[in-house]
Peer 1: 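Sharing a structure here in structure tokens format.
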Amino acid sequence: MADLLGSILNSMEKPPTVGDKESRRKAREQAARLKKMEEEEKRKKAEFRKKMEKEVSDFIQDSTQQKRKYNPMGKIERSILHDVAEVAGLTSFSFGEDEESRYVMLFKKEFAPSDEELEAYRKGEEWDPKLAEQRRRLKEQAALEEAEAQRSEKSETCPNSNYRDKYSHLIGTSAAKDAAHTLEANRAYGCVPVANKRDTRSIEEAMNEIRAKKRQKREDDTGAQSSCS
């Protein structure tokens with residue numbers, strides 16, 4: 001019986017000490033503070049979102065504005081603003097090198113920024129359309145001049161197939177003409193022009209001449225045999 005009573009008493013939870021009560025009280029207070037902070041953070045986000053929705057709506061209705069630049073803000077605020085802009089059908093970008101200086105810019109769809117404009121904002125520069133147009137024209141002019149220079153260089157390096165023009169700086173223009181004169185027949189050296197070697201006879205004339213030569217040869221052979229007998 002004593003052993004049974006002892007086991008029951010040991011299994012029962014001991015009353016909390018003063019230290020345990022204090023720890024539990026602190027834990028409850030900390031949980032309450034965290035919950036309150038979360039609710040406060042949630043409330044601030046909702047208020048900020050409502051404020052951004054109002055500003056974005058005013059921006060859309062203002063026909064004189066094409067874009068809007070906001071002051072630097074935190075990552076959470078930028079995320080909320082990007083979400084509001086997307087829902088409203090706007091284009092939004094964040095610019096700034098470090099986290100503290102990053103800001104958001106909104107653009108209406110019909111006035112979406114060009115690549116040059118975005119590049120200027122990324123560099124921390126103000127966008128000037130007139131200056132950008134001047135730069136664009138200068139780039140086009142430079143590209144045309146470079147292409148023309150490449151074509152000129154290519155034509156200079158291309159070999160000249162004209163013999164007279166190629167060596168005129170060495171032998172002169174007149175000498176080049178003399179060197180290219182038409183070959184004339186020289187009977188002393190047996191040089192006959194190609195035109196003189198061409199057979200101008202017709203086929204019938206050539207066949208008649210061959211038959212005559214054969215007939216003459218047979219007559220010569222017959223005469224020779226008669227003289228021998």
Side-chain angles (χ1 to χ4, degrees), residues 11-150:
S11 63
M12 292 177 62
E13 184 178 358
K14 297 180 180 180
T17 61
V18 177
D20 294 337
K21 289 182 179 180
E22 184 69 16
S23 298
R24 292 178 182 178
R25 184 184 65 80
K26 290 182 178 180
R28 287 194 298 269
E29 291 178 354
Q30 184 177 4
R33 284 196 301 269
L34 290 174
K35 185 177 181 180
K36 186 176 181 179
M37 290 174 61
E38 290 176 356
E39 292 177 352
E40 182 69 15
E41 186 72 18
K42 186 176 181 180
R43 183 186 63 80
K44 288 182 179 180
K45 289 181 180 179
E47 290 180 355
F48 181 79
R49 185 180 184 90
K50 187 175 181 180
K51 178 183 177 182
M52 292 298 101
E53 288 176 348
K54 177 65 169 56
E55 292 185 5
V56 168
S57 178
D58 294 341
F59 168 63
I60 294 175
Q61 296 176 8
D62 189 352
S63 59
T64 62
Q65 287 188 328
Q66 301 178 0
K67 57 188 176 182
R68 171 172 290 187
K69 178 180 179 181
Y70 285 83
N71 293 326
M73 60 182 66
K75 185 176 182 180
I76 296 177
E77 287 78 8
R78 294 198 308 271
S79 177
I80 295 174
L81 182 53
H82 283 305
D83 185 62
V84 172
E86 183 179 0
V87 173
L90 301 176
T91 303
S92 61
F93 295 92
S94 291
F95 303 102
E97 295 182 358
D98 51 67
E99 185 63 27
E100 295 180 356
S101 64
R102 288 188 69 79
Y103 61 93
V104 177
M105 286 192 69
L106 304 182
F107 299 86
K108 295 180 179 179
K109 289 289 186 179
E110 59 271 24
F111 302 106
S114 62
D115 294 338
E116 292 81 3
E117 185 174 358
L118 293 176
E119 186 64 23
Y121 293 138
R122 292 188 182 102
K123 293 180 179 179
E125 302 174 356
E126 292 295 332
W127 173 247
D128 187 349
K130 294 182 179 179
L131 180 60
E133 180 63 19
Q134 293 178 359
R135 291 178 178 177
R136 185 186 65 81
R137 292 181 179 179
L138 289 175
K139 287 183 179 180
E140 291 180 353
Q141 183 65 26
L144 291 175
E145 292 177 356
E146 183 178 358
E148 183 65 25
Q150 291 179 355

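Computed from a predicted model, the values in this text were never measured in an experiment.
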Peer 1: Working to the nearest 0.5 angstrom, can you tell me the gap between Leu144 CG and Lys139 NZ?
Peer 2: 14.5 Å
Peer 1: Would you please say whether a donor-acceptor pair under 3.5 Å links the side chains of Glu117 and Tyr121?
Peer 2: yes
Peer 1: Side chains of residues 85-97: which donor-acceptor partners sit under 3.5 Å, not counting sequence neighbours?
Peer 2:
unit_1: Ser92; atom_1: OG; unit_2: His82; atom_2: ND1; d: 2.7
unit_1: Ser94; atom_1: OG; unit_2: His82; atom_2: NE2; d: 2.7

Peer 1: Taking atom CD1 of Ile60 and atom CZ of Arg68, what is their separation to the nearest 0.5 Å?
Peer 2: 10.0 Å
Peer 1: Taking CD in Glu126 as the centre, count heavy atoms belonging to other residues, nucleotides or ligands within less than 6.0 Å. Is the count above 12?
Peer 2: no
Peer 1: Look at the side chain of Ser57 and the backbone N and O of Lys54, then say whether any donor-acceptor pair between them is shorter than 3.5 Å.
Peer 2: no
Peer 1: Is Arg49 paired with Asp83 through a side-chain N to carboxylate O contact shorter than 4.0 Å?
Peer 2: yes
Peer 1: Hey, what do you get for NZ (Lys26) to CZ (Arg33), rounding to the nearest 0.5 Å?
Peer 2: 10.0 Å
Peer 1: Compare all side-chain heavy atoms of Arg78 with those of Glu99 and state whether any distance is below 4.5 angstrom.
Peer 2: yes
Peer 1: For Gln30, does the CD atom sit with more than 12 other heavy atoms under 6.0 Å from it, leaving out its own atoms?
Peer 2: no
Peer 1: Got a salt bridge between Glu22 and Arg25, using NZ or NE/NH1/NH2 to carboxylate O under 4.0 Å?
Peer 2: yes
Peer 1: Just to verify, what does Glu38 make a side-chain hydrogen bond (donor to acceptor under 3.5 Å, both in side chains) with, not counting sequence neighbours?
Peer 2: none
Peer 1: If I take atom CZ from residue Phe48 and atom CG from residue Leu81, how far apart are they, to the nearest 0.5 angstrom?
Peer 2: 6.0 Å
Peer 1: Which heavy atom of Lys108 sits nearest to which heavy atom of Gln65, and what is that distance?
Peer 2: NZ-O, 2.9 Å
Peer 1: Can you tell me if Lys123 uses its side chain to pair, donor with acceptor, with the backbone of Leu118 under 3.5 Å?
Peer 2: no
Peer 1: Just verifying a value: how many Å separate Glu116 CD and Glu133 CD, rounded to the nearest 0.5 Å?
Peer 2: 10.0 Å
Peer 1: Got more than 12 heavy atoms from elsewhere within 6.0 Å of CD, Glu29?
Peer 2: yes
Peer 1: Search all heavy atoms of Tyr70 against all heavy atoms of Val56 and return the closest pair with its distance.
Peer 2: OH-CG2, 4.3 Å
Peer 1: For Trp127 and Ala120, work out which heavy atoms get closest and say how close.
Peer 2: CE3-CB, 4.1 Å
Peer 1: Just checking, Lys67 and Phe111: is the charged tip under 6.0 Å from the six-membered ring centre and within 45° of the axis?
Peer 2: no
Peer 1: Should the pair Arg43-Glu40 be classified as a salt bridge under the 4.0 Å nitrogen-to-oxygen rule?
Peer 2: yes
Peer 1: Let me confirm one number: the CD-NZ distance from Glu41 to Lys44, rounded to the nearest 0.5 Å.
Peer 2: 6.5 Å
